[in-house]
Amino acid sequence: MNDNFPNLELRPALFYSWSIGIRFELGVDYDRDNDYENSPYIQEVYKRAITLFKSLHAHNDDMYIVVDVNDHADGYKHKSKTFPRYIKEKSVLYGLNQKTIPYIFPDDDDEGTYKTHRFTLKCKTSDFKYIPMLKAICNNDIGIKPSIFNRVYFININRKTIFHVYDDRGCDLLATTPETIRGVYDKYNDWILNYDRNEIDEIFK
């Protein structure tokens, strides 16, 4: 990743940490009454997240899936249950790597005791069940099960992109060149978060 995205820290909000990217809105007109399974709100969130993912990742693309598990020094064992649930062939899991890094939100760690356990798996798009995985990521903040609490980043090795659904509200897409993601910018322009639209439009001028 360092070769394509030098000095980039994988942490929210990715869009503001890199010069080439798009921030898309997934959830529109949220209301607490929409916090139930299969509500029109969450169905639209799913549709956008899955559509964007499919547009960015071909069946045989090589990629890294990165999952961050935060350790707040609470005495619990911290491991990721994300991979076994969504990887199709268990043999792929033999390539799973784990390392402990400084806590990704240092401003929230006054005593310096927190850590982040980063799990990385190299695989192909076809190796994992990305549709239920994306739905579980979107479910977390609104309390729908199943859900994935941890941060998940999809790094496409072939296309040199990073895709991160931060919650049901939206997702970030980074690239090494504007041309790599221009097609997504053009096709799904209506989904771009208006708050950042001017900055995003400047990238693709």
> Should the pair R23-D172 be classified as a salt bridge under the 4.0 Å nitrogen-to-oxygen rule?
Replying inline: yes
> Is it true that D61 and R159 have a side-chain N and a carboxylate O under 4.0 angstrom from each other?
Replying inline: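 Result for this pair is yes, salt bridge flagged.
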Check whether any side-chain N or O of [X] sits under 3.5 Å from a backbone N or O of [Y] as a donor-acceptor pair, and report yes or no.
X: R11; Y: I104; answer: yes
X: K129; Y: K88; answer: no
X: W191; Y: R48; answer: no

> Can you list the steps and then say if D35 with Y41 is a side chain to side chain donor-acceptor pair (under 3.5 Å)?
Replying inline: CA-CA 8 Å; D35 286 358; Y41 170 82; over 6 Å; no
>> Evaluate R151 against V67 for side chain to side chain contact (heavy atoms under 4.5 Å, CB included), listing each step before the verdict.
In response: CA-CA 6 Å; R151 299 283 176 187; V67 176; over 6 Å; no
> For Y30 and I142, what are the C-alpha separation, side-chain angles and deciding distance, and is it a side chain to side chain contact (heavy atoms under 4.5 Å, CB included)?
Replying inline: CA-CA 10 Å; Y30 171 76; I142 53 179; 3.9 Å; yes
Taking the side chain as C-beta and beyond, is there a heavy-atom pair between [X] and [Y] under 4.5 Å?
X: K135; Y: I50; answer: yes
X: V45; Y: V28; answer: no
X: R169; Y: E25; answer: no
X: T82; Y: N150; answer: yes
X: C123; Y: I65; answer: yes
X: L10; Y: I162; answer: yes
X: V184; Y: L52; answer: yes
X: N38; Y: Q43; answer: yes

Shortest non-hydrogen contact from [X] to [Y]?
X: L96; Y: L121; answer: N-CD1, 3.6 Å
X: P12; Y: Y153; answer: CD-OH, 3.5 Å
X: T180; Y: A175; answer: CB-CB, 4.2 Å

May I ask whether [X] and [Y] are part of the same hydrophobic cluster, defined by side-chain heavy atoms of I, L, V, M, F, W, Y residues being less than 4.5 angstrom apart, directly or through others?
X: F149; Y: V66; answer: no
X: Y36; Y: I144; answer: no
X: V165; Y: L8; answer: yes
X: Y166; Y: F105; answer: no

> ring pair (Phe, Tyr, Trp, His ring centres under 6.0 Å) between F154 and F53: does it pass, once the steps are laid out?
Replying inline: CA-CA 9 Å; F154 301 99; F53 185 93; 5.2 Å; yes
When rounded to the nearest 0.5 angstrom, what distance separates [atom1] in [X] from [atom2] in [Y]?
X: D127; Y: I87; atom1: CG; atom2: CD1; answer: 6.5 Å
X: C171; Y: F163; atom1: SG; atom2: CZ; answer: 4.0 Å
X: I157; Y: K160; atom1: CD1; atom2: NZ; answer: 11.5 Å
X: R197; Y: L193; atom1: CZ; atom2: CG; answer: 9.0 Å
X: E179; Y: I20; atom1: CD; atom2: CD1; answer: 10.0 Å
X: L56; Y: I22; atom1: CG; atom2: CD1; answer: 8.0 Å

>> For the NZ atom on K90, are there more than 12 heavy atoms of other groups (residues, nucleotides or ligands in this structure) within a distance under 6.0 Å?
In response: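 More than 12 within 6.0 Å, yes.
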> Is the number of heavy atoms from other residues, nucleotides or ligands under 6.0 Å of D29 CG greater than 12?
Replying inline: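 No.
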>> Checking L173 against I181 for the side chain to side chain contact (heavy atoms under 4.5 Å, CB included) test, could you report, in this order, the C-alpha distance in whole Å, the side-chain angles of both residues, the deciding distance, and whether it holds?
In response: CA-CA 9 Å; L173 168 62; I181 54 175; 3.7 Å; yes
>> Pair N97, R118 - check side chain to side chain donor-acceptor pair (under 3.5 Å), show working.
In response: CA-CA 8 Å; N97 292 306; R118 176 160 287 171; over 6 Å; no
>> Applying side chain to side chain donor-acceptor pair (under 3.5 Å) to N156 and Y64, what does each step give before you reach the verdict?
In response: CA-CA 7 Å; N156 191 311; Y64 291 108; over 6 Å; no
>> Under the criterion side chain to side chain contact (heavy atoms under 4.5 Å, CB included), I'd like the reasoning laid out for M133 against I148: C-alpha separation, chi angles, the key distance, then a yes or no.
In response: CA-CA 8 Å; M133 191 175 188; I148 295 176; 3.8 Å; yes
What is the ring orientation for [X] with [Y], classed by angle as parallel under 30°, tilted 30 to 60°, or perpendicular over 60°?
X: F83; Y: F119; value: tilted
X: Y185; Y: F204; value: parallel
X: F128; Y: Y130; value: perpendicular

> Just one of D62, N60, N158 clears the side-chain hydrogen bond (donor to acceptor under 3.5 Å, both in side chains) bar with K124, so which one?
Replying inline: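 The passing option is D62.
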> Taking Y46 as the fixed residue, which of T51, N139, D168 is the one that meets the side-chain hydrogen bond (donor to acceptor under 3.5 Å, both in side chains) rule?
Replying inline: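 With Y46 as partner, side-chain hydrogen bond (donor to acceptor under 3.5 Å, both in side chains) holds for just one option, N139.
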> Just checking, is any N or O donor in the side chain of T116 or N70 under 3.5 Å from an acceptor N or O on the other one?
Replying inline: yes
>> Does either side chain, that of T100 or that of H117, offer a donor lying less than 3.5 Å from an acceptor on the other one?
In response: yes
